[in-house]
Amino acid sequence: MRVECTSKMTVVMGATGLNGACAAASTSMLAAYALPLALPVVTTDHDEELDLPEQMRIRLDKRKRLADQGRDPYPVALPITHTIAAVRSEFPELEIDTQTSAIVGIAGRVMFVRNTGKLCFATLRAGDGTEIQAMLSLANVGQDSLDQWKALVDLGDHVFVEGEVITSKRGELSVLANSWAMAAKSLRPLPVAHKPMNDDSRIRQRYLDLIMRPEARQMAQTRITVVSQVRKSLESRGYFEIETPMLQTMHGGATARPFITTSNAFDMQLFLRIAPELFLKRAVVGGMERVFEINRNFRNEGADSTHSPEFAMLEFYQAYADYIQMAHTTRELIQEAAFAVFGSHVATHIDGTQLDLSGEWPMVSLYGSLSEAVGEQITPQTPRERLIELANAVEIEVGSTWVNGKIVEELFEHHVIERFGGRPTFVIDFPVDTSPLTRDHRSQDGKVEKWDLYINGYEQATGYSELVDPVVQRERLIEQAALGARGDVEAMKLDEDFLRALEHGMPPSGGVGVGIDRLLMTLTGLGIRETILFPLVKPEQA
RNA sequence: GGGUCGCUAGCUCAAUGGUUAGAGCUGCGGACUUUUAAUCCGUAGGUUCCGGGUUCGAGCCCCGGGCGACCCA
């Protein structure tokens with residue numbers, strides 16, 4: 001008891017534990033447990049334990065009684081011989097009421113309990129969702145052990161069971177225990193298994209979501225599969241994965257507001273990156289001709305069902321490729337990811353709807369499709385006054401810092417995107433004044449070689465023929481700086497080191513950015529907060 | 001940014017401005033050696049998100065704040 005108590009204090013409280021201070025420690029420990037979820041703060045008196053929810057008090061008491069009876073509630077090691085999945089696969093289809101004489105040691109979380117007088121049942125579940133039944137009979141474990149099981153094991157506890165693999169009289173594959181041990185005592189009750197938790201709790205306490213809901217485990221697994229496949233797909237095409245700075249002295253590579261932080265040691269302002277683009281291009285300048293990065297970007301703006309302040313982004317760059325070649329590669333990456341998850345290029349969402357990602361994807365021109373939608377020719381030369389009239393006609397409020405291209409893009413989003421009907425579509429050839437890092441179109445004035453990929457009505461990826469002319473790039477960034485001076489908080493900064501890299505010569509290159517969270521949304525049909533395991537949530541109390 | 005709705009026991013939810021805020025599951029005590037959301041008997045569990053206000057009386061009405069969902073921009 002003493003050893004267990006002091007070691008626990010070290011974990012929970014740091015170094016304040018003293019040998020023999022178990023009574024005090026127990027009270028302080030309650031405070032340590034209670035604070036994170038804002039339960040009543042336990043102060044000095046041991047009696048204030050009564051302020052905790054009843055069920056938690058009872059479980060804390062069981063934890064203590066386990067220790068008192070020589071059962072460590074949190075043992076360091078257990079003689080496990082099989083995973084639950086291994087037992088299931090080793091004994092796939094036993095007849096009802098079979099004895100195998102195979103002795104195994106297994107562990108899992110208790111998800112279901114049925115305690116009767118002399119024979120107890122429990123369903124144990126492993127983290128992968130596989131389950132097996134444990135049975136404890138008076139005849140096999142004896143009166144004391146059975147009584148302790150009934151008194152001290154709750155739903156949600158991790159337990160170890162050692163015994164024979166059998167099937168019950170109902171045919172359930174089971175381990176008939178010779179002995180049992182607590183693997184980890186749970187101090188809080190699980191949610192009701194048969195009612196869905198509300199969305200807020202599911203996201204704030206994702207660990208409970210993962211325990212209770214197979215779909216949550218499935219989502220986590222799908223993300224793992226997709227990210228892994230994207231890496232394989234790129235590596236098989238000769239790309240190398242590199243890591244570029246998250247903390248930057250100057251943010252760039254996108255138009256967005258950054259998070260700002262400070263370095264104490266350098267006594268200077270730093271930015272969390274809004275995109276890795278400018279560093280990946282530096283790598284291309286250095287001769288890394290096919291590079292990619294999958295990592296987090298941070299943008300200091302609101303959250304909704306398609307936006308998160310931090311989100312995972314894939315960017316990849318290929319020397320001597322242009323934006324059309326990059327579009328093909330992007331389509332293949334997404335199709336290969338879909339195949340890895342579904343074994344098909346057709347994604348099947350949880351609600352059963354299917355999204356066909358197969359075959360070639362159409363390419364439509366931004367200006368052409370917009371012209372068709374509004375019934376008049378729109379070009380980069382269309383006067384600003386006319387663009388504003390068209391915007392006002394559909395109640396788009398034109399911001400004071402908007403350049404013409406921005407108005408065109410807003411008109412496009414308003415008029416055209418729905419016409420794609422969710423089908424993957426590359427929208428090509430964007431306005432030059434909203435794309436400062438993109439090469440001028442090889443044949444069309446006022447446009448750049450850029451595409452956006454729309455799937456299911458939202459932007460899934462973007463690709464460029466990269467601007468590599470350092471003189472033009474400098475002009476573009478100076479224009480951005482001027483926008484910034486006029487109050488556009490999202491305008492790009494003049495990054496002299498990036499320009500210096502370009503001045504050393506960057507080969508003609510294609511580049512792509514793919515939102516990983518959005519790719520998961522595309523494949524699963526879920527909102528962005530479901531594709532991210534632990535999305536940012538505001539604290540429950542101010 | 002605007003609007004609508006919501007926040008009550010560990011969880012999921014009830015409750016015309018009017019008795020002591022209820023139910024199911026969970027928990028606790030008891031019965032049961034084949035249970036699958038077991039069944040049966042008994043029982044406990046509450047800062048009604050927070051702070052003001054109106055009222056003889058507020059979970060409910062009013063004001064402010066917090067958190068969330070949905071819709072609109």
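Just so we're on the same page: letters track the sequence lines, and every chain starts at 1. Worth saying up front: this structure is predicted, and the values here are computed from it rather than measured.
Every side chain to side chain donor-acceptor pair (under 3.5 Å) that Thr522(A) has, sequence neighbours left out, goes to Gln460(A). Taking the salt bridge (Lys or Arg N to Asp or Glu O under 4.0 Å) definition, one finds that Asp97(A) meets it with nothing, sequence neighbours left out. Applying the ring-ring contact (aromatic ring centres under 6.0 Å, His included) criterion to Trp402(A), with sequence neighbours excluded, gives no partner residue. With sequence neighbours excluded, the residues forming a side chain to side chain donor-acceptor pair (under 3.5 Å) with Asn404(A) are Arg384(A), listed by chain and number. In this structure Thr434(A) satisfies the side chain to side chain donor-acceptor pair (under 3.5 Å) test together with Glu409(A), sequence neighbours excluded.
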Between the protein and nucleotides 39-44 of chain B, are there any N/O to N/O pairs under 3.5 Å, and if so, what are the atom names and distances?
from   : atom 1 : to       : atom 2 : distance (Å)
A44(B) : O2'    : Glu54(A) : OE2    : 2.9

Between the protein and nucleotides 70-73 of chain B, list the N/O to N/O atom pairs that are separated by less than 3.5 angstrom.
from   : atom 1 : to        : atom 2 : distance (Å)
A73(B) : O3'    : Glu395(A) : O      : 3.4

Report all side-chain donor-acceptor pairs from residues 481-491 of chain A shorter than 3.5 Å, counting only partners two or more places apart or in another chain.
from      : atom 1 : to        : atom 2 : distance (Å)
Asp488(A) : OD1    : Glu490(A) : N      : 2.9

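Sorted by first then second residue, the ring-ring contact (aromatic ring centres under 6.0 Å, His included) pairs that include residues 135-176 of chain A, not counting sequence neighbours, are Trp149(A)-Trp180(A).
Nearest-nucleotide positions on RNA chain B for Met197(A) and Gly117(A) put Met197(A) closer to the 5' end.
Set against G68(B), U33(B), U34(B), the side chain of Ser168(A) has U34(B) as its closest nucleotide.
Nucleotide A15(B): unpaired (no Watson-Crick or G-U wobble partner with both distances less than 3.5 Å).
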